[in-house]
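Naming convention: chains lettered A, B, ... in sequence-line order (proteins, then strands); numbering from 1 in each chain.
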Protein chains: 2
Amino acid sequence: MARAAGVSQAAVSLVLGGKWHGRVSPGKAEAVRAAARELDYRPNPAARSLRLGRTRTALLVVPALTNEFFARLHSGAARVAAEHGFGVVLYPSPEGTGPARDPFGSASDALDGVIASSMASGALAALRPGGGLPLVMLDSDPEHTRASATVNLDIADGMRQTTAHLLGLGHRGLAHIAAAVDSWTFGVRARTLAGALRAAGCPAPAVLPAELSVAGGMRAAMAALAARPRPTALVCDDDLLAAGACKAARRLGLRVPEDVSVTGFDDLTLARAVEPELTTVRLPAEEAGAAGMRALLAVLDSRTGGAVLDSRTGGAVLDSRTGGGGPEGAGGPGRTVTLPVELTVRGSTGPPPEAPVRPGER
Amino acid sequence: MARAAGVSQAAVSLVLGGKWHGRVSPGKAEAVRAAARELDYRPNPAARSLRLGRTRTALLVVPALTNEFFARLHSGAARVAAEHGFGVVLYPSPEGTGPARDPFGSASDALDGVIASSMASGALAALRPGGGLPLVMLDSDPEHTRASATVNLDIADGMRQTTAHLLGLGHRGLAHIAAAVDSWTFGVRARTLAGALRAAGCPAPAVLPAELSVAGGMRAAMAALAARPRPTALVCDDDLLAAGACKAARRLGLRVPEDVSVTGFDDLTLARAVEPELTTVRLPAEEAGAAGMRALLAVLDSRTGGAVLDSRTGGAVLDSRTGGGGPEGAGGPGRTVTLPVELTVRGSTGPPPEAPVRPGER
DNA sequence: CTGAAAGCGCTTACAG
DNA sequence: CTGAAAGCGCTTACAG
């Protein structure tokens with residue numbers, strides 16, 4: 001551009017790249033900037049990528065973007081990426097929670113790194129980015145060693161809060177409407193619920209596997225509520241399942257929460273649309289996406305000696321983190337960050353029938 | 001790659017590009033393919049883009065991906081894109097339905113084309129892709145001349161079906177819970193509803209603007225239901241608003257549909273999660289996204305003399321279209337395609353109180 | 001049919 | 001401080 005527009009040739013690169021001090025005279029630099037402004041010049045990213053060997057592009061692998069949780073996750077990741085001149089490409093996964101098959105076989109862009117969230121257990125092996133691409137795992141088993149960093153939500157604590165809330169209300173007979181998805185995040189929910197009940201001296205929960213949808217939750221809850229003695233609370237792995245559980249109760253002539261309490265997970269828009277509104281664990285999805293992207297950028301930065309972040313932001317990645325990520329921030333290579341979650345109590349839970357809260361028990 | 005792996009140099013390009021017949025001997029061609037398989041070779045897309053001047057990347061501009069409608073739209077567009085070796089990048093728009101400010105100022109990839117959906121009226125002017133990038137509009141004013149093609153949903157027909165359904169049940173006093181978003185799609189809904197009621201000799205509907213959310217719908221519906229005579233049906237621009245309207249009714253001690261009927265638009269997951277389930281217009285969002293991408297690919301193809309599609313699929317774009325796009329298919333340059341929509345009747349509508357359906361009136 | 005070369009637009013050493 | 005050049009990995013004319 002500047003060849004025609006003003007002054008020299010590749011001084012443009014130096015000036016626009018911000019590394020001209022002591023290499024280009026101030027007058028020339030200003031001329032370059034003026035010309036760039038004038039022509040609305042933008043460096044060709046393909047040429048840039050070819051030269052640099054980096055693409056400023058991250059792949060985000062999620063089970064399904066039509067799930068609001070993952071849409072929020074994407075939103076947070078894309079925001080942070082954009083702040084640093086990065087793009088996000090989504091693995092075009094088919095509908096459903098199936099794992100990605102071969103994200104790297106598609107004609108996608110070349111990638112600088114990968115962020116994968118909530119993958120099914122078996123899908124980890126399939127994640128084989130060639131050439132040692134940095135991989136950040138979200139909502140996944142921190143023991144997975146392939147990951148440069150892991151950003152998790154405190155799923156276990158969310159389930160503990162849920163259980164404590166129900167036990168505090170006086171419930172003893174719980175059923176678990178469990179997502180029929182073989183992933184770490186749902187495994188934690190099941191184990192934590194079972195463990196908390198055991199610790200409280202309650203009977204083990206009935207476990208009803210459910211397809212991850214409103215209809216699936218309804219079917220599983222119908223079965224759960226047919227058992228005798230009937231459970232007084234249904235702990236659902238997800239708000240969709242919880243909405244379905246509420247429908248099942250109503251269909252059976254039971255009132256929520258008077259006859260049966262229902263809890264969810266996620267705090268989707270849906271949680272406040274249904275009646276009664278759902279008691280659910282709010283998961284900071286957008287923050288998780290943002291933290292995941294920050295962690296990836298940090299890994300990239302450390303591998304290139306600061307080239308990733310400095311070129312645009314002066315390396316402020318770790319300063320702009322969303323609070324709550326623990327004292328160490330969004331996580332450097334190999335680290336695991338766990339974001340706190342919080343139970344939001346709404347109308348779908350109450351004391352069990354014929355068993356009012358005993359004073360002193362919370 | 002093949003330099004080290006097997007035979008010649010740029011014969012690789014010919015062979016892998018599928019244009020080697022009569023230019024490379026069959027033996028060599030096979031050797032190249034074997035080597036490529038062996039090394040899991042993939043051409044560097046940056047180099048390819050630099051050379052070709054095309055990036056096989058489309059920008060999808062939507063108000064907010066956390067809205068399920070747009071997530072589905074994206075899903076359809078991404079699927080078709082992937083089938084043709086294209087990528088989709090999303091404009092990283094902030095939450096909310098605000099228009100995109102400057103999709104092209106970001107450090108995004110270079111683009112081959114743009115698909116924009118449901119933009120606010122004022123946002124059209126801001127859509128200024130440099131260099132005459134092809135633009136496909138979705139769910140937008142077909143009069144907008146900047147677009148190479150337009151893919152619409154038959155919003156007007158959906159509203160007519162809704163109105164006919166309610167009038168058929170005996171309703172005469174309708175209120176319109178209208179999304180407070182200045183876009184073509186919501187303008188059509190308002191005009192069509194008003195027109196249909198006028199044509200039927202009914203009073204004009206009260207129009208209550210509402211923020212596009214459950215809470216917004218609830219607030220507007222509370223106001224609508226405070227009017228006297230009270231409307232017997234609330235026509236909502238969106239399922240979120242409809243869910244809010246149901247909550248408002250319940251809060252006022254009114255039953256849905258016995259005391260007041262409620263209709264929505266979109267057929268989101270939410271529509272079947274609430275109780276009663278929503279009567280709503282199902283919008284084929286994924287098909288619209290797919291048709292939009294097909295239209296864009298067709299434009300690109302015509303501009304490059306077939307290079308876009310032939311290289312991978314033999315130009316089968318227009319053959320693989322989802323049915324229902326009208327006799328002309330997904331649309332060539334400058335054309336408008338309108339996808340049909342269908343009212344889905346569920347539990348949130350019924351006869352008005354004290355006005356049973358008169359026999360013969362549908 | 002085969003091979004050597006040009007050139008897409010950048011960035012970064014490398015001589016002046 | 002300035003300028004001319006190399007080279008990232010492709011694709012496509014262009015001579016043999």
Apply side chain to side chain contact (heavy atoms under 4.5 Å, CB included) to residues B:Val12 and B:Tyr41 and explain how you reach the verdict.
CA-CA 11 Å; B:Val12 177; B:Tyr41 167 79; 4.3 Å; yes

Choose from C:dT2, C:dC8, D:dC10 the nucleotide whose nearest atom is closest to any side-chain atom of B:Ser25.
C:dT2

Does some side-chain heavy atom of B:Leu90 sit less than 4.5 Å from a side-chain heavy atom of A:Leu90?
yes

Using a 4.5 Å cut-off on heavy atoms from C-beta on, say whether the side chain of B:Val62 contacts that of B:Ser118.
no

Residue whose closest nucleotide on DNA chain D lies nearer the 5' end, A:Ala47 versus A:Pro26
A:Pro26

Given Watson-Crick or G-U pairs with both distances under 3.5 Å, what dot-bracket string fits DNA chain C, with | for other-strand pairs and [ ] for crossing?
|||.||||||||.|||

Look up atom CZ in A:Arg79 and atom CE in A:Met293, then write down how far apart they are to the nearest 0.5 Å.
11.0 Å

Just by distance, with hydrogens left out, do A:Asp112 and A:Thr55 show a side-chain donor and acceptor under 3.5 Å apart?
yes

Is any side-chain nitrogen or oxygen of B:Tyr41 closer than 4.0 Å to OP1 or OP2 of D:dG9?
no

Heavy atoms only: give me the nearest A:Ser49-B:Ala46 pair and the separation to one decimal.
CB-CB, 3.7 Å

Considering only heavy side-chain atoms of B:Arg48, the closest of C:dT2, D:dT11, D:dG9 is D:dT11

Show me the protein contacts with nucleotides 12-16 of chain C, counting only N or O atoms at under 3.5 Å.
| residue | atom | partner | partner atom | Å |
| --- | --- | --- | --- | --- |
| C:dT12 | O4' | A:Arg51 | NH1 | 3.3 |

What is the distance, rounded to the nearest whole Å, between atom CG of A:Leu50 and atom P of C:dC10?
12 Å

Would you check if B:Asp301 and B:Leu297 make a side-chain contact, meaning some heavy-atom pair closer than 4.5 Å?
no

Do other residues, nucleotides or ligands put more than 12 heavy atoms under 6.0 Å from A:Glu30 CD?
yes

